Each structure stands twice: as C-alpha cells, then as structure tokens.
Amino acid sequence: MTTVSSADHTRRDFLYVATGAVGAVGAAAVLVPLISQMNPDASTIAAGAPIQVDLSPIADGQIIKVFWRSKPVFIFHRTKHDIELAQKVDVNSLPDPVPDSERVQKGHEQWLVVIGICTHLGCIPLPHQGEFDGWFCPCHGSQYDSAGRIRKGPAPKNLYLPPYKFVSDTKIQIG
Amino acid sequence: MSGHSTYQPKSGAMKWLERRLPIASLVHSSFVAYPTPRNLNYWWTFGGILSFMLGVQIVTGVVLAMHYTPHVDLAFKSVEGIMRDVNYGWLLRYLHANGAAMFFLAVYIHIFRGMYYGSYKEPREVLWILGVIIYLLMMATGFMGYVLPWGQMSFWAATVITNLFSAIPLVGDTIVTWLWGGYAVGNPTLNRFYSLHYLLPFVIAGVVVLHVWALHVAGQNNPAGIEPKTDKDTVPFTPYATVKDAFFVACFCVLFAWFVFYIPNYLGHADNYIPANPAQTPAEIVPEWYYLPFYAILRSIPNKLLGVTALFSSILILAFLPWLDTSKVRSARYRPLYRQFFWLFVISAIGLGYLGSKPPEGIYVILSRILTLYYFAYFIIVLPLLGFFEKTKPLPHSIAESVLKEGVPLGASAPSSRAKA
C-alpha cells in the first residue's frame, strides 16, 4: 500500500542527524569535567598567593632561592661588575634579545628576580656557574648570564621573570 | 582466529560448552593446530617472551600496588618499606624493576627481528603498526612507573619529560600545567601517574590481543620471507612452537634472574635512592637505558622545538616503515645491500644509546649528530631508494626448499636410506 517516498527519507534522515547531534553534544559535555579535573585544583591555586621577600640579608653577589607557586625563584644581588657585564653585551647577538634594562626594575638594577627553571626542559640551573657569571643548567648544558638571559645551549628563552614589585627598597612582593 | 580448527570435543561437558561458547576450539585453532612456518628460528620466540614479561609485570605490579602509597610524603617511604619490611618485597620490586628492563630488551630484539626479515611488509602493515602502538604504550608505562618511587631521578625525569610538551607553540605551557595539575610536578602529578601506570598495562594487553589477531590473519613471516604454499612448509603450533617458545622463555629467565639476584641495581641510578627534592636538580640527569637513544637524539639538536620534534619523529617514523621500504623482497637474507645498511642502523641505535649516557659536550655531541643523521637517513633515504637500486638474490621456491634437502633438514646427519625415502 505505502511506498517509501523521498519525503519519508528526509524525515528519517533528519531524525538520525538530530539524534547524532544531540549525542555528540552530550559526549562533548561529558569531556569537559573529565579534562578539567586534571587542571590545578582550588587549593593549589589558593596556595599560589603572592609572597613577600626581605632583601636586606642578601649580600653583594649572592643568589638566593625562594619558592613561589612551587617554582624556585632566584633573587640575585648583582655586583657592579655583573651589571656592567650585562649592560655592555650587544643585544642583537643574543638568542632571545632583550636589553638588561628590561630584565630589572628601574632604580633597582642591582636586583635580578627570575624564575629558576631552565626554559629548555625545566631543570634548576646552578648559580655562579658557566661562562657568563650567571647560571649553568646541569641537564643539557644551557648557560645564562648575569641578567638571566640565555647565552649558550639548547634553551630557547631567557629565564622567565615572575610578576613582582618593590614594596620598599629592601622588600619585594612576588605574585 | 583462523579456519584450521580440527577440534572435536570428546567429553560430554566439552560438547555442551562448545555449543554455547566455542572457546576450546578457538584456543585449539589459534595455539594448537595453527600452522607455523617450519623454518622459524629462535628470533621468533620473542613474541612469546614479551607476552610472558607482560604477565610478570602485571602480577608483580598488582602485588606491589598493595604496599605502595602514591603521595609525595609517603611514596619514597613506602617503597623503602617494600624493600625492608614487606615479606619478599625486595624480590617483588627487583622483579618488577628489572622486569621492565627485560621487557624492553625483548621488545628491541623483537623490533629488530621484524626489520631484518621485513615482517612489516604487505600484508602485515596493520600488525606492525599495532606493534608500534604497543611500544609507545610501553614507553609511557615505563616512564610513569619510574616516577612512582619519588626519588631524585623520578622527580626530575617527570619534570624533563613533561616539559617536552612545553615545546609545542602557543598551547605548550597550558598543556604542561594540565599534565601536572599544578604549577610544578607535585602530588597531583604523582597520583595521576600512579592511576595511569596501573591502567596502561591492561590497555597493552588489549592491543596485544589485536596484534596476535592480526598475526593469525596474515600468518607469521619467516626467515625466508616467502609465504607458505603447501602443508610441507608448515608445522603445527603445538608442540613445535609451544615447546620452542617455552624453552627460550626459560633461557631468557636465566638472564632475568641473573639481574634480579646478582646485580639488581645495575640498570638503575644511585640518585633515585635520594628522596625527591624539588629545589635541587641532580648533577647529571640520565633516563633509563631503554630511552637513551632517543635522549641522545633530543640532545643532539641545539634547538628545543626541533629537538623535541626529532625525538617524537624518531619513534613515530617506525609506523611508516611498511611504506618507506620500497623493496618487494622481505628477508634481508636475499638483500645483500639492505643487510649492511640494517646492521649499520643497529650499530647507530646502540651507539646513540651509549652517547645518551654521556654528558652533552665535545665529541659526544658531534657523534650524536652523525648517528642521528644516519638514523633518519636510513628511513627516509636508504630504504626508499634501495628498493629501486638493489639487486636481490633469487628467492627459494618454497619454505620447505629453503630448509630441507631431499626431505631432510639441512645440516642433519640422516642416514642416506632415509634421505631417499
């Protein structure tokens, strides 16, 4: 009696596509919590609040290491010689060319604050080693200068600068 | 898995089961009556050895999990507890740790065997790719297992390997934070690695089933690299392959036991008996020996993104091998030039392993670059071109012809009267 008309086909096709589309949206929605749960949780984010560091005990030429967001942060009290060395190098010859003035804050040139993680594969570079009176990474041989800039080796970038500001002349807040 | 079943259930119970779940006839057709080429040599026993090692790792691993605590403050202590307090804990952990090394040793021999005899060629491409997937899963599982004791090497290996993903442009850092579940490798990282380290071996077991399935559809390759034509070319899996596999698994276990009982820490690294310290990178970071060739490739390239790309390409390129090798002849026995390039490839892979364990300076870097160059040239220059230029030796007419002389195995001292019969 009834024959399958093209109109029936279209209606059935519509149902298939609509069902498939709803199913796909549902599957994608389920992926959101499954993927998102792997990102840092609320307590980890809360523990990443800013910290204050007193600079007065850091001697001339000394590098100290503090932890912020479970990352080591180097605070380098640079000597005059270190600053001169960092300023006089030809910026264009550097792999990641940035002048020294952009690595420190104006009026506080003796303080270099960098995240102490090699930009190659995440090792912690050793202070006062290598050819540029900065850092040497023991993992794959990257060398950083006294402004934390990459000078030699496989690391692509300078040591990253954390967000920080001077609360007073001898105190900084990182974060 | 194949249509050779001659299985006839005899007892009433087996007849009853056969009508409902024909598992006995499946096993019979796959592992008893299954025809295997009669010329298989001992290099073909490593599939069996690998299945055995997967079993060893799962059994010892499940038991170790009963005593291990995946928390940054307790992981190291719980592993020491396994070594000192748990009954036979030292044995189970040494079996598991050295078992991983043996597993990789076997898989490398298995891969090289497949390359030497051209086992990846038509119609075994899917079989080969499934093998590459198993190998990738093994690497991920091995890496995450190495992190669990939470020693210095564990922690810094986790840091370096997860940072490989930071080389990805734009989204790299986001991905790394997502992998860590924090701003650095920490407790969330340890927890998820533990979860995945427990899961992945069962995923491997699943892909192994597919691998064996594909093997039984295409049939085994063999040292002559030609397909079996008649019944004379094959022997039944049981007893021939079963006994041969079992014998060589036993031989392999002697080596395994030697490591476990005499030099259990030889393949490890002393620094991993120091608890993880996020503030101090060890003076020298070296991965486990089975990753060293890839580590050398990574370090030989003085650019982060290119180095990481080379590292991943050096493994993924294996999946394309069936199409990179243009020669119609499978076995290196009949490919005089290919054989030389193959052994050079083996030497370069082992050489890269040696260089990966050395500091990245001076002559070591130069040699790493040369060997890395050959590693890739082998796949993208040598193999595609060789198929066109190489003059191969004539292939035997049949497998039987390649191993029998007048019906008697080559080299066998059979009485002449039997030889004529």
Side-chain angles (χ1 to χ4, degrees), chain A residues 32 34-49 51 63-74 95-96 115-127 129-131 135-143 150-158 160 162 174-175, chain B residues 72 152 155-167 169 172-189 191-192 195-196 277-287 295-296 298-308 311 356 359-362 364-365:
Chain A
V32 172
L34 285 177
I35 291 171
S36 173
Q37 54 83 22
M38 279 177 70
N39 269 319
D41 68 11
S43 71
T44 309
I45 294 169
I51 54 163
I63 296 176
I64 69 153
K65 186 159 64 182
V66 296
F67 274 85
W68 171 70
R69 289 192 163 181
S70 41
K71 287 182 169 129
V73 174
F74 290 133
D96 184 7
I115 292 181
I117 291 177
C118 181
T119 57
H120 183 225
L121 293 175
C123 297
I124 300 180
L126 304 169
Q129 287 194 29
E131 297 163 32
W135 288 268
F136 171 77
C137 182
C139 293
H140 307 94
S142 293
Q143 301 199 19
I150 179 67
R151 297 293 287 271
K152 212 174 172 182
K157 295 278 182 195
N158 301 330
Y160 292 117
I174 302 173
Chain B
V72 288
Q152 270 290 67
F155 182 89
W156 290 100
T159 300
V160 169
I161 302 296
T162 49
N163 262 303
L164 291 177
F165 295 93
S166 70
D173 288 330
T174 316
I175 289 177
V176 173
T177 305
W178 179 74
L179 288 172
W180 289 338
Y183 302 111
V185 172
N187 199 50
T189 325
N191 268 312
R192 63 191 56 178
S195 167
L196 294 174
N277 178 1
Q280 173 104 49
T281 305
E284 207 189 335
I285 292 200
V286 183
Y295 193 61
L298 167 76
R299 294 196 306 187
S300 70
I301 296 168
N303 174 296
K304 181 172 166 177
L305 180 57
L306 287 180
V308 173
L311 167 71
E361 56 197 27
Y364 298 127
V365 176

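The chains referred to below are lettered A, B, ... by the order of the sequence lines, with proteins before strands, and numbering in each begins at 1. It should be emphasised that the depicted structure is a prediction, and the values quoted were computed from it without experimental measurement.
- Going from atom SG of A:C137 over to atom CD1 of B:I285 covers 7.5 Å, rounded to the nearest 0.5 Å.
- Rounding to the nearest 0.5 Å places OG of B:S166 at 11.5 Å from NZ of A:K157.
- Side-chain atoms of B:W178 come within 3.5 Å of backbone N or O of A:I35 as a donor-acceptor pair.
- Residue B:F165: no heavy atom, backbone or side chain, is found under 4.5 Å from chain A.
- Only the backbone of B:P282 comes within contact range of chain A, judged by heavy atoms closer than 4.5 Å.
- Closest approach of B:A283 and A:P138 over heavy atoms only: O-CB, 3.3 Å.
- The main-chain N or O of A:H140 is never found under 3.5 Å from a side-chain atom of B:R299 such that the two would form a donor-acceptor pair.
- Annotation: side chain of A:C139 is in contact with side chain of B:T281 (closest heavy-atom distance under 4.5 Å).
- B:T159 has its side chain out of reach of A:C123: every pair of non-hydrogen atoms, C-beta onward, lies at least 4.5 Å apart.
- In this structure, the side chains of A:P156 and B:K304 come closer than 4.5 Å at one or more pairs of heavy atoms.
- Here the closest non-hydrogen pair linking A:L121 and B:L298 is CD1-CD2, 3.7 Å.
- If you take CE on A:M38 and OG1 on B:T189, they are separated by 9.0 Å, rounding to the nearest 0.5 Å.
- A:T119 touches chain B through its backbone: at least one of N, CA, C or O sits under 4.5 Å from a heavy atom, while the side chain does not.
- In this structure, the side chains of A:T44 and B:W180 stay at 4.5 Å or more apart for every pair of heavy atoms.
- Looking at A:K65, its side chain does come within 3.5 Å of a backbone N or O of B:A279 through a donor-acceptor pair.
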